[in-house]
Amino acid sequence: MDHNKLALPVGTTLDRFIMRKQEDFPYATGELSQLLRDIALAAKIVNREINRSGLIDIAGAYGNRNVQGEEQQKLDVIANIRFIRALRNGGEVCTIISEEDEEMIQTGNVQGKYVVAIDPLDGSSNIDVNVSIGTIFSIYRRVSPTGNEGTEQDCMQTGTNQVAAGYVIYGSSTMMVYTTGNGVNGFTYEPSLGEFFLSHPQITSPKTGSVYSINEGSSEHFSEAMAAYVAYCKQQNYSARYIGSLVADFHRNLLKGGIYIYPATKKSPNGKLRLMYECNALAFIVEQAGGKSSDGRTRTMELEPKGLHDRCPLFIGSTELVEKAEEFMAREHSASAVEALK
């Protein structure tokens with residue numbers, strides 16, 4: 001018998017992959033590699049809590065509202081605690097921005113070289129109904145001198161300064177997808193071994209697609225241009241797919257092609273998604289996979305943040321679909337400019 005068949009390789013673990021790729025970092029000293037491992041560890045713990053949430057009564061509302069005014073779920077709080085603890089104990093991060101906390105979180109690691117912006121658990125409204133949810137994170141190199149606490153200047157950087165970004169999707173399988181600016185790679189969690197294994201190397205997003213993801217329940221608040229684009233999608237016989245978890249919708253479109261849109265509306269003129277720990281991270285990933293992201297006019301990663309919890313519209317996905325949507329939005333802008341000159 002061929003002995004090779006008795007011990008087939010299980011694949012490349014996330015830890016081993018990170019070690020091999022460390023040379024891609026222009027200032028490779030190990031801290032960023034360890035930081036990614038810290039995030040992966042917290043993701044494993046959160047994955048465990050999600051999988052047993054219905055058994056130990058940690059599903060449902062917590063009873064508080066976060067800085068966004070949204071009702072916190074118990075798992076929101078648990079995930080926030082787990083990721084902050086992992087990042088604090090790891091020692092590489094000086095400051096954290098979290099969706100669940102109004103102010104910057106100082107870790108006490110004054111020598112830490114990095115800042116992390118994180119949405120610990122995206123898709124809270126889907127937690128209790130067993131629909132895919134996720135974690136989104138964005139990593140920046142601090143700009144202030146080490147030896148002191150992180151500053152607002154460290155946190156308020158444009159997305160073009162990201163050194164790494166990623167997300168974890170907790171679904172039929174749990175995956176961690178991330179980029180350090182040298183392509184996008186996806187890792188699937190093998191629970192019996194407790195390891196993430198490389199399953200989606202060098203992800204490339206299709207240039208086009210036939211899926212549009214938008215909450216049409218808000219259509220009465222859409223601008224004329226947005227309504228026209230949705231009508232165009234229907235005329236093209238595109239399929240509407242909207243899960244309501246940003247990570248889940250984005251992940252599907254990244255792999256299969258499509259566009260995700262959360263536009264500015266009359267109800268939310270600045271959009272609803274957060275620039276620092278949702279939009280920038282996914283924009284970095286989609287661009288590294290060959291896609292595109294903007295607020296309808298301006299590249300997402302070039303938007304200047306004015307506050308830790310800034311919101312912005314998001315048009316993200318396959319390049320051709322995003323560019324077509326931008327054409328519609330440009331017509332609206334041109335019409336507004338003409339009207340202003342009258």
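Predicted model only: the values in this text are computed from it and were never measured.
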Using the side-chain hydrogen bond (donor to acceptor under 3.5 Å, both in side chains) rule, collect all pairs that involve residues 239-252, keeping only residues at least two apart or in two chains.
-> Asn126-Ser245, Tyr167-His251, Ser213-Arg252, Asp249-Arg252

Electrostatic pair Glu31:Lys113 at N-O distance under 4.0 angstrom | yes

Ser132: what forms a side-chain contact (heavy atoms from CB on, under 4.5 Å) with it, not counting sequence neighbours?
-> Ile169, Ala248

So the salt bridge (Lys or Arg N to Asp or Glu O under 4.0 Å) pairs with at least one residue in residues 150-164 (sequence neighbours excluded) are none

Show the atom names and distances, to 0.1 Å, of all donor-acceptor pairs under 3.5 Å that link a side chain in residues 220-229 to residues at least two apart or in another chain.
residue : atom : partner : partner atom : Å
Ser223  : OG   : Met226  : N            : 3.2
Ser223  : OG   : Glu332  : OE2          : 3.0
Tyr229  : OH   : Leu321  : O            : 3.4

Whichever hydrophobic residues join Phe284 through chains of side-chain contacts under 4.5 Å = Met301

Centroid-to-centroid, Tyr277 to Phe137, below 6.0 Å?
-> no

Do Tyr212 and Tyr238 have ring centres separated by under 6.0 Å?
-> no

side-chain contact (heavy atoms from CB on, under 4.5 Å) partners of Arg85, counting only residues at least two apart | Ile81, Arg82, Asn89

Could you give all pairs that pass the salt bridge (Lys or Arg N to Asp or Glu O under 4.0 Å) test and reach residues 114-124, with sequence neighbours left out?
-> none

Is there any salt bridge (Lys or Arg N to Asp or Glu O under 4.0 Å) pair reaching into residues 169-193, and which pairs are they, with sequence neighbours excluded?
-> none

Is it true that Glu323 and Lys292 make a salt bridge, defined as a side-chain N closer than 4.0 Å to a carboxylate O?
-> yes

So which pairs with a foot in residues 164-181 pass salt bridge (Lys or Arg N to Asp or Glu O under 4.0 Å), sequence neighbours left out?
-> none

Quick one: list whatever passes side-chain contact (heavy atoms from CB on, under 4.5 Å) with Ser293, sequence neighbours left out.
-> Ala283, Val286, Thr300, Leu314, Ile316

Sorted by chain and residue number, the side-chain contact (heavy atoms from CB on, under 4.5 Å) partners of Gln106 (sequence neighbours excluded) come out as Thr95, Met104, Glu149

Shared-cluster residues of Val211, by chain and number - hydrophobic side chains joined below 4.5 Å = none

